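Read through the structure below, which is laid out as structure tokens, and then see the notes.
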Amino acid sequence: MRSEMEKDILKVLITEEELQERIGQLGEALYEKFQGKRPLFLGVLKGSFVFMADLVRACQLKSDVEFIAVSSYENATVSSGRVKINHDLQQDITGRDLVIVEDILDSGNTLAFLKDYFLTKGAASITIVTLLDKPSRRTKAITADLSGFEVPDEFVVGYGLDYCQEYRNVPYIGVLKPEVYTG
Ligand code: IMP
Ligand code: MG
């Protein structure tokens with residue numbers, strides 16, 4: 001496929017096929033866990049939108065879909081530590097079994113904040129699903145219930161993940177060439 005972004009990618013870390021195979025397994029695990037229930041899949045925008053689309057289709061349960069948009073990165077590759085809600089929940093989550101869908105668990109700031117926030121909003125249970133996990137960078141005591149892939153401490157893009165709002169439509173997970181973000 002022709003791609004304008006390809007020249008900025010240093011290497012492919014996770015291929016499209018590997019993504020789909022693993023997401024099938026995650027969907028299956030969620031199916032087992034929530035059989036007979038009606039979970040609310042809650043995607044953390046923007047990064048999770050591609051993963052969310054594949055994950056809900058990999059889990060053929062009756063469920064609902066919701067989004068929240070937050071930001072912690074101000075167009076940089078390191079977290080500012082602060083989490084801001086840019087677009088809030090549009091429905092009552094009291095008593096709901098939430099499946100939080102994240103693109104990547106890095107410092108843990110975002111998910112630590114969101115977990116507290118959803119509990120104060122009355123969620124009955126919270127299951128955290130992250131496509132990628134960078135445990136080496138964690139500063140908050142938070143773990144995912146389900147994680148797709150562990151990744152090394154490198155800045156990754158694609159499959160929803162961006163650098164300065166770009167590369168979200170790259171179909172695989174790749175590592176960006178350092179010169180792209182160091183100028
Ligand atoms: P955390 O709050 O530090 O755990 O990270 C939260 C957010 O930072 C993630 O949801 C991503 O949107 C973004 N992020 C962290 N690491 C990367 C990366 O390697 N590439 C792109 N975005 C990242
Ligand atoms: Mg994100």
Side-chain angles (χ1 to χ4, degrees), residues 3 5-16 18-19 22-23 26 41-56 65-89 98-120 126-183:
S3 170
M5 281 79 66
E6 206 100 79
K7 64 176 190 337
D8 296 339
I9 306 289
L10 182 67
K11 63 180 179 214
V12 179
L13 216 54
I14 308 166
T15 66
E16 291 180 68
E18 290 167 331
L19 286 166
R22 184 71 184 120
I23 292 163
L26 296 175
F41 285 80
L42 210 168
V44 184
L45 294 173
K46 300 176 189 164
S48 73
F49 78 107
V50 182
F51 177 41
M52 180 81 159
D54 283 340
L55 187 66
V56 294
V65 164
E66 177 62 300
F67 291 98
I68 191 165
V70 297
S71 56
S72 60
Y73 277 57
E74 257 116 49
N75 288 345
T77 57
V78 287
S79 176
S80 64
R82 294 182 308 273
V83 180
K84 192 173 110 214
I85 296 178
N86 298 322
H87 173 79
D88 210 340
L89 299 171
L98 301 188
V99 178
I100 304 183
V101 181
E102 246 295 30
D103 54 354
I104 185 165
L105 179 50
D106 189 34
S107 70
N109 277 323
T110 306
L111 282 177
F113 169 85
L114 286 178
K115 207 174 166 181
D116 281 353
Y117 182 66
F118 296 145
L119 286 173
T120 64
I126 293 182
T127 300
I128 294 177
V129 184
T130 188
L131 178 66
L132 307 176
D133 190 2
K134 256 191 213 175
S136 58
R137 306 231 326 152
R138 200 80 85 252
T139 57
K140 291 273 162 61
I142 190 141
T143 51
D145 298 283
L146 286 171
S147 152
F149 302 87
E150 199 170 290
V151 291
D153 185 10
E154 286 179 293
F155 196 76
V156 296
V157 295
Y159 199 73
L161 290 99
D162 74 307
Y163 170 65
C164 290
Q165 304 304 325
E166 277 183 54
Y167 309 103
R168 294 192 195 275
N169 57 340
V170 169
Y172 50 81
I173 299 289
V175 177
L176 213 49
K177 289 180 181 164
E179 59 261 35
V180 176
Y181 50 84
T182 54

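Because the structure is predicted, anything quoted here is derived from the model rather than measured. Every number for a ligand or one of its atoms is a count from 1 in the order of the listing.
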- prompt: What distance do Glu66 atom CD and Phe41 atom CZ have between them, rounded to the nearest 0.5 Å?
  reply: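 Atom-to-atom, Glu66:CD and Phe41:CZ are 13.5 Å apart.
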- prompt: Quick one: CZ on Phe113 to CD1 on Ile142, what's the gap to the nearest 0.5 Å?
  reply: 12.0 Å
Ligand 1 atoms in contact with [X] (distance to a heavy atom under 4.0 Å):
| X | result |
| --- | --- |
| Glu154 | 19 (O) |
| Glu102 | 10 (O) |
| Leu161 | 20 (N), 21 (C), 22 (N) |
| Lys134 | 16 (N), 18 (C), 19 (O) |
| Asp162 | 21 (C) |
| Asn109 | 2 (O), 4 (O) |
| Ser107 | 1 (P), 2 (O), 3 (O), 4 (O) |

query: Looking at ligand 1, does any of its N/O atoms fall within less than 3.5 Å of an N/O of Val157?
result: no
Val156-ligand 1 polar pair, N/O distance under 3.5 Å: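 Yes, Val156 has an N/O under 3.5 Å of an N/O on ligand 1.
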field: Residues which pass salt bridge (Lys or Arg N to Asp or Glu O under 4.0 Å) with Arg138, listed by chain and number, not counting sequence neighbours
entry: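 Asp133.
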field: Sub-4.5 Å side-chain heavy-atom contact between Ile14 and Tyr172
entry: no
Residues Tyr181 and Asp8: side-chain donor-acceptor under 3.5 angstrom: no
task: Determine, using heavy atoms of Leu132 and all atoms of ligand 1, whether some pair is separated by less than 4.0 Å.
output: no
message: Tell me whether Arg137 reaches ligand 1 (any heavy atom closer than 4.0 angstrom to a ligand atom).
response: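 Heavy atoms of Arg137 never come under 4.0 Å of ligand 1.
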- request: May I have the step-by-step check of side chain to side chain donor-acceptor pair (under 3.5 Å) for Asn86 and Ser71, ending in yes or no?
  value: CA-CA 7 Å; Asn86 298 322; Ser71 56; 3.0 Å; yes
- prompt: Would a distance-only check, ignoring hydrogens and angles, find a side-chain to backbone donor-acceptor pair under 3.5 Å from Glu18 to Thr15?
  reply: yes
- prompt: Which residue pairs satisfy the side-chain hydrogen bond (donor to acceptor under 3.5 Å, both in side chains) criterion with at least one member in residues 145-158, sequence neighbours excluded?
  reply: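 Counting only pairs at least two positions apart or across chains, the side-chain hydrogen bond (donor to acceptor under 3.5 Å, both in side chains) contacts touching residues 145-158 are Lys11-Glu154.
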